[in-house]
Protein chains: 4
Amino acid sequence: MIRFENDYAEGAHPRILQRLIDTNEEQSPGYGMDEHCAKAREYIRKACDRENADVHFLVGGTQTNTTVISSILRPHQGAVAAITGHIADHETGAIEATGHKVLTLPSDDGKIKAEQVKELYDAHWNDAAHEHMVQPGLVYISHPTENGTTYSKSELEELSKVCRECDLPLFIDGARLGYGLVSEGSDLSLADLAKLCDVFYIGGTKLGAMFGEAVVIMNDTLKKDFRYMIKQKGGMLAKGRLLGIQFETLFEDGLYYEISQHAVEMALMIREAFVEKGYSLRYDSKTNQQFPILPNEVLSKLDEKYSFSYWGKVDDENSVVRFCTSWATKKENVEMLIEDIRSL
Amino acid sequence: MIRFENDYAEGAHPRILQRLIDTNEEQSPGYGMDEHCAKAREYIRKACDRENADVHFLVGGTQTNTTVISSILRPHQGAVAAITGHIADHETGAIEATGHKVLTLPSDDGKIKAEQVKELYDAHWNDAAHEHMVQPGLVYISHPTENGTTYSKSELEELSKVCRECDLPLFIDGARLGYGLVSEGSDLSLADLAKLCDVFYIGGTKLGAMFGEAVVIMNDTLKKDFRYMIKQKGGMLAKGRLLGIQFETLFEDGLYYEISQHAVEMALMIREAFVEKGYSLRYDSKTNQQFPILPNEVLSKLDEKYSFSYWGKVDDENSVVRFCTSWATKKENVEMLIEDIRSL
Amino acid sequence: MIRFENDYAEGAHPRILQRLIDTNEEQSPGYGMDEHCAKAREYIRKACDRENADVHFLVGGTQTNTTVISSILRPHQGAVAAITGHIADHETGAIEATGHKVLTLPSDDGKIKAEQVKELYDAHWNDAAHEHMVQPGLVYISHPTENGTTYSKSELEELSKVCRECDLPLFIDGARLGYGLVSEGSDLSLADLAKLCDVFYIGGTKLGAMFGEAVVIMNDTLKKDFRYMIKQKGGMLAKGRLLGIQFETLFEDGLYYEISQHAVEMALMIREAFVEKGYSLRYDSKTNQQFPILPNEVLSKLDEKYSFSYWGKVDDENSVVRFCTSWATKKENVEMLIEDIRSL
Amino acid sequence: MIRFENDYAEGAHPRILQRLIDTNEEQSPGYGMDEHCAKAREYIRKACDRENADVHFLVGGTQTNTTVISSILRPHQGAVAAITGHIADHETGAIEATGHKVLTLPSDDGKIKAEQVKELYDAHWNDAAHEHMVQPGLVYISHPTENGTTYSKSELEELSKVCRECDLPLFIDGARLGYGLVSEGSDLSLADLAKLCDVFYIGGTKLGAMFGEAVVIMNDTLKKDFRYMIKQKGGMLAKGRLLGIQFETLFEDGLYYEISQHAVEMALMIREAFVEKGYSLRYDSKTNQQFPILPNEVLSKLDEKYSFSYWGKVDDENSVVRFCTSWATKKENVEMLIEDIRSL
């Protein structure tokens with residue numbers, strides 16, 4: 001069975017693993033106060049071209065979303081998100097568990113538009129009874145989205161502009177950030193993100209690390225006491241240097257982009273094979289997740305040899321499925337899959 | 001600088017690291033549904049001599065305490081703990097952040113007594129205004145405690161008996177469990193714990209793993225839906241097999257006990273050196289943490305060569321400090337330290 | 001200005017006020033432990049034809065919804081409600097503030113159907129990733145709904161059946177319960193509610209009391225420790241007898257129904273006037289709230305003499321508005337309004 | 001049975017009741033937006049000699065404490081309070097239910113000292129591991145305290161000074177504020193409170209109102225969005241004018257002080273009778289609560305005719321009890337009690 005079902009099926013990228021081996025006997029202080037974390041922070045600040053960024057390392061995505069969001073909002077505020085956003089329906093109500101509603105916006109492809117945010121904001125404040133409703137307190141987007149789609153620079157600029165006008169911090173969930181940054185036609189860099197949003201994170205778990213997400217806080221008012229939040233929400237790893245070592249490796253000489261690039265190339269090959277065969281795609285993804293709409297009998301055939309994720313029913317005869325790639329995706333496996341698609 | 005300041009200064013025990021290397025390219029399903037986790041669960045059930053135990057793997061201690069405690073309590077209930085308990089003052093209010101008070105009992109050595117629990121319980125229910133107070137909802141103890149002390153089997157039996165009479169689930173924080181199980185004079189086994197408490201965890205982070213804690217749920221009513229809780233509280237690792245692999249290694253042939261044994265032996269050598277030199281110990285610890293009371297000028301001398309933790313002031317001239325050992329503590333370093341103590 | 005904008009514009013029904021005057025100098029124990037509360041509980045149990053009902057008095061609706069819902073759910077569970085439900089968007093996220101998501105179902109008229117609940121329940125449990133989502137934990141409905149509509153007995157029986165099959169407690173928000181019970185064609189009694197749901201409340205604030213809601217708990221497992229919840233959520237009135245006195249008065253000889261009857265009669269007169277004039281109604285309400293769709297210039301005319309609530313835009317020329325009646329609505333005012341409608 | 005057990009045994013002061021009667025048929029907007037609330041706010045601002053005070057009306061004390069405290073603190077912060085403080089042990093963990101620890105300071109008489117706050121603050125920030133602990137986020141005191149004791153102006157000034165130095169908002173629970181303001185030797189006015197603290201409340205429930213507490217917010221940064229908090233925490237009364245009417249009556253011409261004065265006079269008569277008879281007092285209260293230490297056989301005798309509260313055991317033969325007075329305490333009853341004390 002060859003697995004395309006997700007981007008976290010293997011361990012760590014070999015270079016990360018090697019670094020963990022090399023440093024294993026080092027003694028270092030706990031909780032992220034070690035030199036590897038310091039180094040990793042420096043590399044990330046440089047990659048973002050912002051010396052004043054605060055960088056923190058957490059273990060996983062749900063934890064990161066919860067910690068960041070609950071640190072920003074006051075009790076009566078909610079997080080604005082696409083209805084497809086990870087915090088809206090795939091984190092077991094983690095945001096609500098910290099006391100905050102997720103205020104959802106309709107979305108077909110996982111993205112939200114600046115106008116939607118403005119409308120929701122105006123609707124709230126124009127309602128005479130606004131104090132009886134949850135006040136929008138921040139905007140959460142994913143880049144790439146859960147559907148593999150990405151924001152263009154101009155789209156992000158518009159969102160950022162509206163957020164600043166409305167005094168709504170903008171938070172970008174970058175669980176798969178690398179795949180977005182290197183995707184075909186992407187005009188967004190880390191430095192752009194650092195400029196346009198208030199806080200974002202650089203996903204490691206799905207990009208070659210064993211685990212780990214690097215939170216980058218740009219907005220000064222959000223920096224205060226963030227380490228308390230990490231500890232309270234259970235994200236402060238005792239052996240914090242494990243996170244530092246991994247992000248150090250990812251960012252010291254471009255491994256993060258290299259990994260991203262490989263996965264996206266593999267994904268686009270798969271995409272092309274499906275398109276050439278005449279199948280349509282549910283979302284126009286240029287990143288490491290591909291969502292072809294396939295007849296159910298095709299699924300049964302592919303199923304024998306490949307694992308992938310069921311995404312949803314289209315009609316009685318067709319379904320959307322997801323194929324994922326990662327650093328670990330082997331080109332020969334992709335070629336075999338393509339061969340099999342062609343001969344369907 | 002030779003570090004005795006904590007038990008999480010290095011990476012992973014070499015055999016665990018090796019296993020992570022060996023399995024790195026394997027593909028497996030996420031979130032703890034893989035075969036390594038299944039294997040590790042089986043080993044732990046066997047070690048506990050209880051086939052019906054539910055075993056779950058989480059990343060760290062604060063996260064584990066929060067997840068377990070918040071899954072048990074109803075909104076008006078609190079967790080009874082020693083005032084020195086980790087949840088009472090070293091987790092940034094993580095328990096309160098889930099809505100629950102920590103009801104503290106006085107303790108000099110980190111342990112609490114069955115009678116104290118009974119008294120608190122009676123005091124609550126005998127108070128006419130009890131509905132105006134937080135109801136005790138579970139009892140939390142650490143074994144070994146934060147001060148290195150341990151419960152005897154008869155002490156734990158008494159606690160267990162009172163807890164069952166009072167309908168208070170008993171939860172044991174085993175962040176350093178191995179060190180307690182192998183400590184000199186200990187008459188408690190994993191099977192005893194499984195019999196006497198409702199839920200406990202087996203610490204990995206401080207016992208040779210990179211990270212990871214194995215929660216063992218014995219009480220059937222507490223088993224329901226626990227995986228939702230792990231996800232919501234941010235503890236469900238995407239690459240869950242990393243946890244499985246580590247606990248598999250720790251429990252397949254006794255590595256857990258071997259690691260514990262080594263650390264405790266090293267700690268007792270240090271203890272003896274201090275005692276022989278005429279220094280007294282703040283707590284009577286037979287485990288991997290030792291708490292000598294030392295004159296401040298002695299601290300200054302040791303400080304030049306060794307790192308250890310400051311624990312508290314005794315008087316103007318003396319302080320309590322903590323020396324920790326672990327799997328990684330080298331015998332030659334301990335011998336050097338002993339030499340230095342003798343020649344103080 | 002004659003007010004039809006809500007059903008809480010005046011103080012208390014004269015008979016309730018009189019009783020408060022009569023009892024003012026009595027001395028009684030606090031927190032609902034007095035004889036008036038005892039009497040009121042007895043009357044309500046009788047009205048529900050259920051001796052085993054637990055009856056508690058709280059101050060207001062948001063408080064009651066929050067207290068009941070947070071007392072039932074475990075941390076990973078949410079409350080299923082119509083998207084128009086009061087808890088979904090008019091309580092400033094009070095449910096989320098206790099850690100729980102509101103799982104919304106589409107609804108045009110404020111009601112939800114048994115099939116919708118079943119579908120949501122099945123969708124949750126059939127999803128392989130259900131542990132990553134909020135688990136439905138109870139069903140919340142309002143009767144009458146926020147739109148004035150009501151459930152028939154057979155509709156409620158179906159809902160109740162599905163809820164019991166799915167092990168989802170059914171909670172009825174009865175902020176305006178009386179108006180539903182006496183509404184034209186209603187075949188539901190308090191005894192039916194007590195039989196078909198697990199917990200409900202009888203609204204006082206909008207039905208002649210100064211304030212106060214009577215929670216009736218039928219399900220034994222939900223009864224435990226409910227007074228702790230009331231205290232914790234700030235709903236335990238020190239002078240609890242004020243609540244007892246009001247509900248005693250409402251239920252000792254049918255005042256509750258009398259008040260409801262009057263308001264509904266007044267509302268139906270208004271409804272008829274609008275319908276006769278050719279205006280349509282946004283919701284088919286037979287209760288004390290009426291929602292005509294009116295041309296904006298008509299609103300401007302009525303606005304000079306009457307206050308009512310703006311409910312929403314239909315198109316550029318028409319809007320939905322709400323007219324409310326209550327115990328305090330004077331027949332002469334209604335007749336004047338009708339006259340004015342006719343001569344529009 | 002003559003009741004001295006608490007200060008909320010009766011309904012409302014006759015003048016308040018009369019005003020509720022007089023205004024009963026008035027129609028007004030809901031949720032505190034009416035003219036009575038506006039008037040009451042104006043009177044209170046004047047009484048505080050501060051035009052820029054924000055004044056809000058809530059229903060009860062626990063609700064008020066919870067709403068104020070949770071509106072101020074960030075997630076990792078706690079409320080510093082005396083161990084005897086109402087929030088620390090008589091509100092069923094309401095503060096913890098909003099996610100925040102109560103950081104308790106020892107106190108024999110219910111008061112805390114400026115030095116204690118400074119020490120706790122310094123201890124927190126000087127601890128290298130402070131991020132692992134709850135950060136002090138505000139200081140809560142009661143005036144008078146739960147034990148009837150009061151702060152002098154210089155004591156409050158010192159507390160205020162330390163709080164400002166430490167950037168800790170100071171919140172005064174004034175559930176019985178009037179009794180403190182008029183107490184013998186008190187040199188504190190409402191204007192002083194408004195100057196020295198950031199937010200406080202003026203208790204109505206225990207001072208002649210049916211119910212109601214008036215929150216006065218002085219610190220501009222704490223004013224923002226407070227009405228959302230009231231709504232979310234269930235304290236926004238639909239018929240908000242009931243609160244306005246009561247506080248209007250209390251503050252338009254000094255009724256609040258008059259009521260307080262009467263109760264304190266009655267309490268001091270009782271105090272003197274006990275002292276003359278040779279009994280000692282547990283707390284040196286000059287307010288409406290008195291805490292004599294009485295032999296148990298004396299309690300049995302008084303018990304036949306009077307109700308009072310049991311406060312705690314002193315030794316096998318003596319107990320502390322509490323006698324309370326209020327607006328409703330009749331002088332003839334106090335005289336009878338005094339007679340009975342004298343003839344013990």
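Since the model is a prediction, treat every value here as computed from it, not as a measurement. Labels below follow one simple rule: chain letters A, B, ... track the order of the sequence lines, proteins then strands, and each chain is numbered from 1.
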Participant: Going by side chain to side chain contact (heavy atoms under 4.5 Å, CB included), A:Val139 matches just one of A:Leu103, A:Ile172, A:Leu168, A:Leu120. Which one?
Facilitator: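 Answer after filtering A:Leu103, A:Ile172, A:Leu168, A:Leu120: A:Leu168.
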
Participant: Do chain A and chain D have donor-acceptor pairs under 3.5 Å, and which are they?
Facilitator:
unit_1: A:Ser71; atom_1: O; unit_2: D:Arg74; atom_2: NH2; d: 3.0
unit_1: A:Arg74; atom_1: NH1; unit_2: D:Lys224; atom_2: O; d: 3.0
unit_1: A:Arg74; atom_1: NH2; unit_2: D:Ser71; atom_2: O; d: 3.0
unit_1: A:Pro75; atom_1: O; unit_2: D:Gln232; atom_2: NE2; d: 3.0
unit_1: A:His76; atom_1: NE2; unit_2: D:Asp225; atom_2: OD2; d: 2.9
unit_1: A:His124; atom_1: NE2; unit_2: D:Tyr228; atom_2: OH; d: 2.7
unit_1: A:His130; atom_1: ND1; unit_2: D:Tyr228; atom_2: OH; d: 3.0
unit_1: A:Glu131; atom_1: OE1; unit_2: D:Arg227; atom_2: NE; d: 2.7
unit_1: A:Glu131; atom_1: OE1; unit_2: D:Arg227; atom_2: NH2; d: 3.1
unit_1: A:Glu131; atom_1: OE2; unit_2: D:Arg227; atom_2: NE; d: 3.2
unit_1: A:Gln135; atom_1: NE2; unit_2: D:Asp225; atom_2: OD2; d: 3.1
unit_1: A:Gln135; atom_1: NE2; unit_2: D:Tyr228; atom_2: OH; d: 3.1
unit_1: A:Lys224; atom_1: O; unit_2: D:Arg74; atom_2: NH1; d: 3.0
unit_1: A:Asp225; atom_1: OD2; unit_2: D:His76; atom_2: NE2; d: 2.9
unit_1: A:Asp225; atom_1: OD2; unit_2: D:Gln135; atom_2: NE2; d: 3.1
unit_1: A:Arg227; atom_1: NE; unit_2: D:Glu131; atom_2: OE1; d: 2.7
unit_1: A:Arg227; atom_1: NE; unit_2: D:Glu131; atom_2: OE2; d: 3.3
unit_1: A:Arg227; atom_1: NH2; unit_2: D:Glu131; atom_2: OE1; d: 3.1
unit_1: A:Tyr228; atom_1: OH; unit_2: D:His124; atom_2: NE2; d: 2.7
unit_1: A:Tyr228; atom_1: OH; unit_2: D:His130; atom_2: ND1; d: 2.9
unit_1: A:Tyr228; atom_1: OH; unit_2: D:Gln135; atom_2: NE2; d: 3.1
unit_1: A:Gln232; atom_1: NE2; unit_2: D:Pro75; atom_2: O; d: 3.0

Participant: May I ask you to test the A:Phe211-A:Leu242 pair for a side-chain heavy-atom distance under 4.5 Å?
Facilitator: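 A:Phe211 vs A:Leu242: side chains touch.
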
Participant: Would you say D:Leu177 and D:Leu190 make side-chain contact, with heavy atoms under 4.5 Å?
Facilitator: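 In contact.
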
Participant: So, do A:Phe200 and A:Phe171 have ring centers that fall under 6.0 Å from each other?
Facilitator: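 So the answer is no for these two rings.
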
Participant: Give me the atom names and distance for the closest heavy-atom approach of A:Ala40 to A:Gly244.
Facilitator: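 Nearest heavy atoms, A:Ala40 then A:Gly244: CB-O, 3.5 Å.
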
Participant: Side chain from CB out, backbone as N, CA, C, O: work out which of these in D:Met133 comes under 4.5 Å of a heavy atom of chain A, or both, or neither.
Facilitator: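 Backbone of D:Met133 only, per the 4.5 Å heavy-atom cut-off to chain A.
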
Participant: Do the non-hydrogen side-chain atoms of A:Ile202 and A:Val216 ever get within less than 4.5 Å of each other?
Facilitator: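 In contact.
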
